[in-house]
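The chains referred to below are lettered A, B, ... by the order of the sequence lines, with proteins before strands, and numbering in each begins at 1.
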Amino acid sequence: MDFTFDEEQRLAAQSLRELLNDHCQGSDLRRAANARDLPSFEAACATRRARLAELGLAGALVPAEQGGLGLGVVDFVLLAEEAGRAALPEPLVDVEGVAHPLLATLGELGESTLQETLVGSALVLSAAPGTTVLANAAFAQYLLLSRRDDELALYRASDISLTHRESVDPLRRLSEVALHDAKPIARVTGATTSSAWQAARARSTVLNAAQLLGLGARMLEIAVAYSLERKQFGKAIGSNQAVKHALADVMVKLEFARPVVYAAAATLAPVRVAHAAVAAAEAADRAARAAIQVHGAMGYSWEVDLQFYAKRAWALAGLNGGRSAQFAAVHQSLLRGELEAQWA
Amino acid sequence: MKIRFTAAEEAFRAECAAWLNEQISGPFADIRGIVSQTFRAEQRMEWERALGRARWSVIGWPEKYGGRDASLAEQVIFAEEYARSGAPGRVGHLGTELAGPTILHFGNDLQCERFLLPIARGEEFWCQGYSEPNAGSDLSNVRTRARLEHGPNGPEWVIEGQKIWTSLAQFADWCFVVCRTEEGSKGPAGISYLLVPMKQKGVTVKPIRQMTGDAEFNETFFDGARTKAEYCVGKPGEGWKVAMGTLAFERGVSTLAQQMTFRNELDLLIAAARENGAAKDPLIRQRIAEAWVGLRIMRYSALRMLSRATSGSLGAEALTYKLYWATWRKKLGELAMDVVGAPGELCTDEGYGLADLPYLYLFSRADTIYGGTNQIQRNIIAERALGLPKESRGDR
Ligand SMILES: Cc1cc2nc3c(=O)[nH]c(=O)nc-3n(C[C@H](O)[C@H](O)[C@H](O)COP(=O)(O)OP(=O)(O)OC[C@H]3O[C@@H](n4cnc5c(N)ncnc54)[C@H](O)[C@@H]3O)c2cc1C
């Protein structure tokens, strides 16, 4: 039993944080959010995209023999947290945490595409069966989709009908994905395919939970800073017990959610993943609520960066089935008596 | 104690329901069920005028000021039927619910004669000039100043300063402005309550966009703006009492109308939960039931609170009301999002259009802020109702 991360894991997260400190501040997000169309959105994100590509994270979770770094989800969880902290618009988590390792399961069938996307000359994303809306699909050249749970198919994005949909999170470029009768360039079916999707879902859920932790921590930081700076009744609002306690409660929620997410990342056991999703979403929601409240009317305005983090947290919490589905996963396995085995 | 309505009251119900339904299914069908404060504002101002013409706008007011001298029971009935008909949120509410009752209660005859009928008829719209960049929760820290000047138009107040978060200022003809009229004064002393025309050279309104994408509120700059000396409600320098009085009206009968809106929102949420299957989830069912319980609690409390008010002023329990509803509605917003699930993220159009439930979610983030934050409400309950020591200030 050891909940600490090793040097390499911490350094990777550190360098991502530094990059995002330089290129993913509120002002950078605002520029992208104000972009009128796709090209100006891409222009607003161009520098950051280039720097992210230089970070060498491509194929992080792809086996080394397929050209990846061969890391595990637990090696990626701190990176996802950093992406959340910055409300990163780029699909770093969706690509490296979910789509790339999924593409790798296609083996030889996906080989050439994987090589193309690993070197960064193309982008691949995936939408789990039943998902019809996908963030960042407009930037992708390849999409991993399916009509059923036991099918995994690789398409050229240009063969798929994508309709832009605006999100409440002005930084999430969504597309409605319709397969119609598009022909895949590679396709597999069968039991191993279902488990590939299942693993992809688990990675996506746990890494989104990590992003939620990062978002929560960022909102807490912003709220603390504001409560020191804003004065009412002749003193900093943060000197009022009501404000202190609200912020302290957020910290408690976040600190207690964090090891849950790490444990889920370490094993990907379904019930842990569900638990992580619930705990992280709750902590982020608490952080958003407290941070907005602490800002008063300012926190409700578009002009304050806080809204970017709050809205991202809202969007992410609804994915992968949301709170209801995660709770259902927990109580179903609890009532089946399965939890005993996973108690440790 | 009597909790049923009489036959005469039921007849009144039929009368207002008939009128409302005819209007909302007929000439005003386009504005049915609108919740956003700014959407289709022009048509909704026309709706205010229609309410005024038929004398349904402010039925509790005296007849001579455009009301019907309606009893509390009748006001409750009207509020219920208003919501049931699907009539939109009232863009005139700052006049009908805040400015009007304040003028009626604290104003003199001249002010009542000048201002009440145009409010009742939907001819003049109002906004609330309280908050400033450095005076939010601490309203008594206002810096906006006014001084009396004797010019060609007789004595006038000349106003300098900045207000912020002024809801609906872009549509307003008048603003009730809380400002300092005594040089060097601090805190509640030396504050006056002025009624200031908005459509003049010295007033600039700049929209502030909200989290919902709407720009309902504004920055309002007074730069040598003028109003007649006689448009000061209460004595100059004694406006604090009036300003607090206005806040108390926010807890009056208007709360009943508001509850009906809440009921509509809960109905909407239940319909959505039925449609997408979320209603099968026991956790969701439980929370829906809890929301209903809260709604009933608010209704009985409001009726009890208001029936006391007819025999005098609001009791101490009235202080608890804002905290309760604001917290309730914020939770309703969160439940709404758990019901809607992932599609809640989607806008309905490319102009950041939000469907009703996501809008409710975002808008309800503000409920615990405007009209006094939850923290301030708790301080008020603790200090005024329970008599606990006042919080210390940092500067005095
Ligand atoms: C949608 C909306 C519409 C509005 N419309 C209007 C309008 O039409 N006219 C108008 O004048 N104003 C309007 N307001 C402003 C509103 O009245 C203020 O936002 C409110 O009074 C709080 O002030 P503030 O925003 O400056 O927050 P602050 O006073 O800066 O408060 C920030 C945080 O500190 C906390 N805090 C402050 N003091 C204490 C204390 N002593 N103890 C414990 N906690 C404390 C608050 O609870 C809050 O969480 C509107 C606001 C909103 C959100």
N-O pairing of B:Glu334 and A:Arg289 below 4.0 Å: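 Yes, charged N to carboxylate O under 4.0 Å.
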Which heavy atom of [X] sits nearest to which heavy atom of [Y], and what is that distance?
X: A:Gln293; Y: B:Asn374; result: NE2-N, 3.7 Å
X: A:Glu166; Y: B:Asp349; result: OE1-O, 3.3 Å
X: B:Cys347; Y: A:Val168; result: SG-N, 3.9 Å
X: A:Ser301; Y: B:Ile208; result: CB-CG2, 4.3 Å

Residue selection (most heavy-atom pairs with chain A, distance under 4.5 Å) from B:Ile164, B:Val340, B:Asp395, B:Thr212: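 That would be B:Asp395.
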Verdict with reasoning, A:Asn240 to B:Glu391, per side-chain contact (heavy atoms from CB on, under 4.5 Å): CA-CA 9 Å; A:Asn240 294 298; B:Glu391 294 254 312; 3.3 Å; yes
Ring centres under 6.0 angstrom apart (B:Tyr361, A:Trp314):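 Yes; A:Trp314 has its ring centre under 6.0 Å from that of B:Tyr361.
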Interface moiety of A:Ile292 toward chain B, non-hydrogen atoms closer than 4.5 Å: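 It is both, since atoms from each part get that close.
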Region of A:Asn320 in contact with chain B, defined by heavy-atom distances below 4.5 Å: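 Looking at A:Asn320, nothing touches chain B.
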4.5 Å side-chain heavy-atom contact, A:Tyr300 and B:Phe217: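 Yes, their side chains come closer than 4.5 Å.
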Salt bridge (Lys or Arg N to Asp or Glu O under 4.0 Å): pairs with one or both residues in residues 226-240 of chain A, sequence neighbours excluded: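 Non-adjacent pairs meeting salt bridge (Lys or Arg N to Asp or Glu O under 4.0 Å): zero.
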